[in-house]
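The structure under discussion appears below in the form of structure tokens.
In the text below, chain A, chain B and the rest are named by the order of the sequence lines, each starting its count at 1. Excluded from the calculations below are hydrogen atoms, water molecules and symmetry mates; all remaining heavy atoms, backbone and side chain alike, are included.
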Amino acid sequence: MPELPEVETIARGVHNRVRGDRIAQAWFGRYSEPFKTPPALQAKGLEGRILQAVHRSGKHIVCELGCCERQSADGSPEVGGNRTSVQGVEPRAQWIVHLGMTGRLLVTASDAPVAAHTHARLSLASGRELRFVDPRRFGRLEFRDLLRTPAFIAPGADPLLIEGREFAALFRGRKLAIKAALLNQGLLAGVGNIYADESLFRAGIRPGRSAGRLTKAELERLRQALREVLEHAIRLGGSSVSDYVDADGARGFFQLEHCVYMRTGQPCLSCRTPIRRILLAGRGTHYCTKCQR
DNA sequence: CATTTCACCTGGTGGC
DNA sequence: TGCCACCAGGTGAAAT
């Protein structure tokens with residue numbers, strides 16, 4: 001479910017709520033699917049760590065963890081301060097959360113009712129909990145000890161930062177549909193089904209067009225449309241189509257701004273032509289046959 | 001190598 | 001009310 005704007009919203013929310021807090025205890029459920037690192041190793045690695053910062057990389061939420069016990073007087077991690085002289089400031093480990101289709105990462109009171117399909121609960125020194133909930137179990141949790149493993153960086157360029165030249169180069173010589181290319185996380189990190197459809201509508205490009213045959217002008221329109229759509233969605237807290245919520249359990253509002261996604265048969269907001277739905281790259285794909293060429 | 005298809009899961013919805 | 005088919009924000013392995 002969650003694409004770049006939803007993951008960004010959640011990461012910011014979690015960051016603002018738990019930064020500087022200490023993981024007192026970690027509990028993991030019995031299912032093996034959600035864990036890239038065995039649950040016992042995750043619990044052992046996480047307990048006692050300070051949550052220094054939480055940010056997004058592609059569709060991944062990365063929790064930067066410092067080593068143990070120590071934190072500054074105001075509870076902030078002093079990132080960017082004197083890194084070598086303050087114990088526990090340099091990230092020593094990472095907890096990487098991928099939400100799959102239905103994953104949630106929530107900051108709750110420790111006595112809040114435990115939702116069904118809760119697979120991880122980190123109790124924090126502040127008395128709250130960081131919980132991972134995922135009914136479909138497509139999400140993944142990974143622990144990295146940075147003394148042994150390199151820091152996590154999502155493959156693929158960030159669609160908010162990429163420049164025109166580099167963007168165009170991603171698609172050069174590719175025969176596959178532009179929508180399939182947008183969904184390829186190795187090319188661009190963070191674009192999923194909603195924002196692929198919405199950005200192609202905004203750029204006026206049919207999703208089935210061969211990626212390598214788009215003109216320079218079309219590619220530039222697409223790059224800007226993608227950035228504008230993603231930034232707008234972030235400002236509105238993401239899209240809540242069915243069950244997406246942020247770190248506080250609040251819904252986003254960008255679903256109210258969707259022009260094509262899940263609007264099959266409804267009139268195009270620009271020309272009134274009914275929105276068409278086709279299957280492309282195995283995904284429901286929505287577009288306007290008149291506005292998108 | 002590039003590209004496509006499918007399996008992995010649970011839950012909600014709409015038709016009969 | 002129940003049953004069933006179909007659909008859903010993602011991804012990576014297997015097949016082509």
Side-chain angles (χ1 to χ4, degrees), chain A residues 1-11 29-36 56-61 96-105 115-119 132-142 152 154-156 159 169-200 207-213 226 229-230 233-234 236-247 250-265 275-286:
Chain A
M1 130 230 195
E3 306 179 32
L4 186 151
E6 292 77 31
V7 176
E8 179 71 31
T9 301
I10 294 167
R30 61 195 168 92
Y31 289 108
S32 61
E33 288 91 345
F35 307 119
K36 285 186 79 167
R56 175 191 66 80
S57 182
K59 292 177 189 170
H60 301 261
I61 298 166
I96 302 141
V97 178
H98 192 288
L99 299 170
M101 290 273 260
T102 53
R104 298 179 176 195
L105 192 62
H117 310 292
T118 298
H119 301 116
F132 175 71
V133 182
D134 183 15
R136 285 175 80 177
R137 286 186 261 138
F138 288 172
R140 291 294 179 266
L141 302 176
E142 177 182 3
F152 175 83
L170 293 178
F171 305 107
R172 202 163 294 146
R174 294 184 181 272
K175 200 179 169 298
L176 82 174
I178 183 61
K179 163 142 177 184
L182 288 175
L183 294 175
N184 182 340
Q185 300 299 297
L187 298 177
L188 286 171
V191 182
N193 207 34
I194 294 176
Y195 300 100
D197 281 5
E198 292 297 320
S199 60
L200 286 166
R209 291 272 304 282
S210 168
R213 294 201 172 160
L226 194 50
V229 164
L230 293 171
I234 290 171
L236 294 187
S239 300
S240 290
V241 173
S242 65
D243 57 5
Y244 158 73
V245 290
D246 70 13
R251 292 167 59 83
F253 293 95
F254 191 71
Q255 68 280 7
L256 304 174
E257 311 273 321
H258 290 172
C259 294
V260 288
Y261 181 76
M262 290 293 248
R263 293 195 64 247
T264 310
I275 297 302
R276 173 176 290 181
R277 179 184 184 277
I278 60 171
L279 212 56
L280 206 161
R283 320 296 303 278
T285 297
H286 317 76

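The nucleotide whose nearest atom lies closest to any side-chain atom of A/K175 is, among B/dT3, C/dT11, C/dG10, B/dT3. Across C/dA8, B/dT10, B/dT3, the shortest atom-to-atom separation from the side chain of A/L176 is found for B/dT3. Distance from the side chain of A/R174 is smallest for B/dT3 among the nucleotides B/dC9, C/dG10, B/dT3. The listed nucleotides are B/dT3, B/dG11, C/dG10; the one nearest the side chain of A/N193 is C/dG10. The side chain of A/Y261 lies closest to C/dA8 when the candidates are C/dG10, B/dT3, C/dA8. Among the nucleotides C/dG10, B/dC9, C/dC7, the one closest to the side chain of A/R277 is C/dC7. You'll find that the side chain of A/K59 is closest to C/dG10, out of B/dT10, C/dG10, B/dT3. Distance from the side chain of A/R136 is smallest for B/dT10 among the nucleotides C/dG10, B/dT10, B/dT4.
Spacing between C/dT11 and B/dG12 at atom P, rounded to whole Å, works out to 23 Å. On the P atoms, C/dA5 is 16 Å away from B/dA7, given to the nearest whole Å.
Residue contacts for A/G284: at a heavy-atom cut-off of 4.0 Å it reaches the sugar-phosphate backbone alone, with no base atom in range. Nucleic acid contact class of A/G192 (heavy atoms, under 4.0 Å, all strands): sugar-phosphate only. Using a 4.0 Å heavy-atom criterion, one finds that A/S240 contacts the bases of the nucleic acid, with or without backbone contacts as well.
Counting heavy atoms from C-beta on, the side chains of A/H60 and A/V7 never come closer than 4.5 Å. Considering only heavy atoms from C-beta on, A/E198 stays 4.5 Å or farther from A/E257 through its side chain. Taking the side chain as every heavy atom from C-beta outward, A/F132 and A/I61 never approach each other to under 4.5 Å.
Distance, A/H258 NE2 to C/dA8 C1': 13 Å, rounded to whole Å. Here C/dG12 presents its C1' atom at 14 Å from CE of A/M101, a figure rounded to the nearest Å. The nearest whole Å value for the distance from the CZ atom in A/R172 to the P atom in B/dC1 is 20 Å. If you take CZ of A/R140 and C1' of C/dG12, they are 10 Å apart, rounded to a whole angstrom. One interatomic measurement links the two molecules: CE of A/M262 to P of B/dG12, which rounds to 14 Å at whole-angstrom precision. In this entry the distance linking CZ of A/F171 with C1' of B/dT3 reads 15 Å, nearest Å. The separation between A/L280 atom CG and C/dC7 atom C1' is 17 Å, rounded to whole Å. Between A/L183 atom CG and C/dA8 atom P the separation is 13 Å, expressed in whole Å.
In this structure, the aromatic ring of A/F138 is positioned over the six-membered ring of the base of B/dC8, centres within 5.5 Å and planes within 30°.
At the phosphate of C/dG10, OP1 or OP2 sits under 4.0 Å from a side-chain N or O atom of A/R283. The side chain of A/H98 contributes an N or O atom lying less than 4.0 Å from OP1 or OP2 of C/dT11. In terms of phosphate contacts, A/H117 brings no side-chain nitrogen or oxygen within less than 4.0 Å of OP1 or OP2 of B/dC9. Under 4.0 angstrom from either OP1 or OP2 of C/dT11 there lies at least one side-chain N or O belonging to A/Q185.
Around CZ of A/R251, the count of heavy atoms belonging to other residues, nucleotides or ligands within 6.0 Å exceeds 12. A 6.0 Å sphere centred on CZ of A/R209 holds more than 12 heavy atoms belonging to other residues, nucleotides or ligands.
Here C/dA8 sits opposite B/dT10 as a Watson-Crick or G-U wobble pair (both hydrogen-bonding atom distances under 3.5 Å).
A side chain to side chain contact (heavy atoms under 4.5 Å, CB included) with A/P207 is found for one member of A/L182, A/L200, A/V260 and no other, namely A/L200.
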A/Y195 and A/E6: side chain to side chain donor-acceptor pair (under 3.5 Å), yes or no, with the steps? CA-CA 11 Å; A/Y195 300 100; A/E6 292 77 31; 2.6 Å; yes

